[in-house]
Amino acid sequence: MARPIARWGVTLGLGALWWWAVLRLALAPAAGTLEAAVAAGGWGLSLLPVHCVPKARAVGAVDPRRWAEAWRRGRPTRASPRRRSDAGSAPS
């Protein structure tokens, strides 16, 4: 029970700090680098994907050992062939 309450407290505290920085940047003429760093950092954190799962549990994930084995053998990867820029553009 204490963990969710502590998590909410930390979340609300960091949110309040972020809003303070954003409002200070917008309204105070003497806002500086600290406020800008806090605001940019909070905005950057919002861009992180929250739906990520560990690679071992991801659907369709390739086992890392498979990649390491292919790298050691020097086996070419199955990449799609490059299309030529003139392929199919000229009438035959």
Side-chain angles (χ1 to χ4, degrees):
M1 181 77 167
R3 278 192 175 170
I5 293 173
R7 238 185 263 155
W8 274 103
V10 169
T11 303
L12 289 174
L14 291 175
L17 178 68
W18 184 79
W19 275 109
W20 167 80
V22 169
L23 290 175
R24 185 154 159 85
L25 275 174
L27 302 174
T33 342
L34 175 66
E35 290 88 355
V38 170
W43 179 77
L45 284 175
S46 72
L47 298 177
L48 289 175
V50 293
H51 59 276
C52 291
V53 295
K55 195 172 187 179
R57 291 186 354 197
V59 176
V62 179
D63 186 17
R65 292 174 290 191
R66 181 176 162 203
W67 289 108
E69 180 183 332
W71 184 264
R72 279 193 302 270
R73 289 185 183 179
R75 184 183 309 167
T77 59
R78 282 197 208 169
S80 58
R82 286 188 157 198
R83 290 186 156 205
R84 292 178 37 186
S85 61
D86 63 342
S89 61
S92 49

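The shown structure was predicted, so the numbers you read here are calculated from the model rather than taken from an experiment.
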Side-chain donor-acceptor distances from residues 19-27 under 3.5 Å, at least two apart:
residue: Arg24; atom: NE; partner: Glu35; partner atom: OE2; Å: 2.5

Closest non-hydrogen atom pair between Trp18 and Trp43, with its separation: NE1-N, 3.7 Å
Check the hydrophobic clustering (I, L, V, M, F, W, Y; side-chain heavy atoms under 4.5 Å; chains of links allowed) and say if Leu17 and Leu12 are grouped together.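 No, no single cluster joins them.
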